[in-house]
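Encoded as structure tokens, the structure appears first; notes follow it.
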Amino acid sequence: MRRAALPVAVAVGAAVLAPGIAAAQGEAAAQGEVYCTPTDPGLAELSGLTVIGEIVYAIGDSGADDRVAQLDPSCAVTRWIPNPVDPYDVEDLASVDGRLVLADIGDNDRRRDTVGLVRLDPETGAGDLARLTYPDGAHDAEALLIGGDGRPVIVAKDGAGSGVYTTDVAVADLPSPGPTALRRVAEFLPDDTGTAGGPPLLVGSSLVTGGAVTADGTLAALRTYTDVYLWSVPDGDVAGALGRPADRVVAAPARPQGEAAAFTADGDLLLASELGLDSAAPLPPVDVLRAADIAPARTSNPAPVADTEEAPAEPTSSILVPLVVAAASVLVIVGVTALLVVRVFRRR
């Protein structure tokens, strides 16, 4: 009977650890509902979304990035707008001041000397290219955000720690063709959330695939294949916001290759996916996460804190996890010790 001490201790330790791990990995299961479902085969590689007013625009990535689709509320293509620049690999789509900004920032082989932003007037089709250079070598990237200050923010798709890069000038002021130097201002490391979704053989939760900012510039989102990270941005400085932990993490609906994100005028978040490996499958739907379901929790001004020596603060989640781990380790040690004692006595 005593031989059960070790398995029991391990089981108890795992049960104690489980809530801590769940808390560390984010929030609730996938949310969202279907917004509409594309049917045009030109959207099979849908990689970028943006919204201007009530109009949704979409673009595919390498091989399907020579034009931008204007969509109606059912996701039907009402117009194709040619890309005025011969692209290398457009991976995201943003907008500022009524103009589309095509993020030609993909670089799977990490060999480009420059990346670029294509500024495109959706009404006239006129546009130009602003080239950018990284300060630390080539990077593959799929996320472009433009904050209330007008500056572009690019987040690399590096997995082990994605660099956050920006410029000192707004998108509208970038010289054409440039190049303009980017600055690395932060690093974003996605959590291993365990959320389902994304391409097979990849840890989908670790790779940044898209970004978006609300029209008023107060909320920023980064997405991976599986999850959405949200930051409040009170001052328009998206790059600065991404330098701190996210205010909220929400699981995205499971899709084959989720890469696009865009906020609507009402603050809802649209998420879109590429078709993935199954070319015979129907195109994935565009999902929507409602504003009320993704808004970071608002906290009131903190009350004065009493002397911490007389009134110690409650443990926060950041220290609860180590405490739980320590408790579980003690349980395992106790179990091992008990098993060894039983064996010693039996040998006697």
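- Other residues, nucleotides and ligands contribute over 12 non-hydrogen atoms within 6.0 Å of the CZ atom of R244.
- In the hydrophobic clustering of this structure, Y134 does not group with L242; members are Ile, Leu, Val, Met, Phe, Trp, Tyr whose side-chain heavy atoms approach within less than 4.5 Å, directly or through other members.
- For the salt bridge (Lys or Arg N to Asp or Glu O under 4.0 Å) with R112, the lone residue among D104, D140, D89 that qualifies is D104.
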Output a table of donor-acceptor pairs, distance under 3.5 Å, between side-chain atoms of residues 196-203 and any protein atom two or more places apart or on a different chain; print 'none' if there are none.
none

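- For the atom pair OG1 of T209 and CG of D227, the computed distance is 10.0 Å after rounding to the nearest 0.5 Å.
- Between the side chain of R119 and the main chain of L174, a donor-acceptor pair closer than 3.5 Å is present.
- The shortest distance between side-chain heavy atoms of L49 and V56 falls below 4.5 Å.
- In this structure, H139 and Y165 have tilted ring planes: the angle between them lies in the 30° to 60° band.
- Annotation for R184: atom CZ counts as buried by contact number, over 12 foreign heavy atoms lying within 6.0 Å.
- L275 and V286 fall within the same hydrophobic cluster, defined by Ile, Leu, Val, Met, Phe, Trp and Tyr side-chain heavy atoms under 4.5 Å apart, directly or through other members.
- Using a cutoff of 4.0 Å between basic side-chain nitrogens and carboxylate oxygens, D268 and R290 are scored as salt-bridged.
- In summary, R151 and D237 engage in a salt bridge, as defined by a charged side-chain N under 4.0 Å from a carboxylate O.
- Residues in residues 169-183 take part in these side-chain hydrogen bond (donor to acceptor under 3.5 Å, both in side chains) pairs, two or more places apart or across chains: D168-R183.
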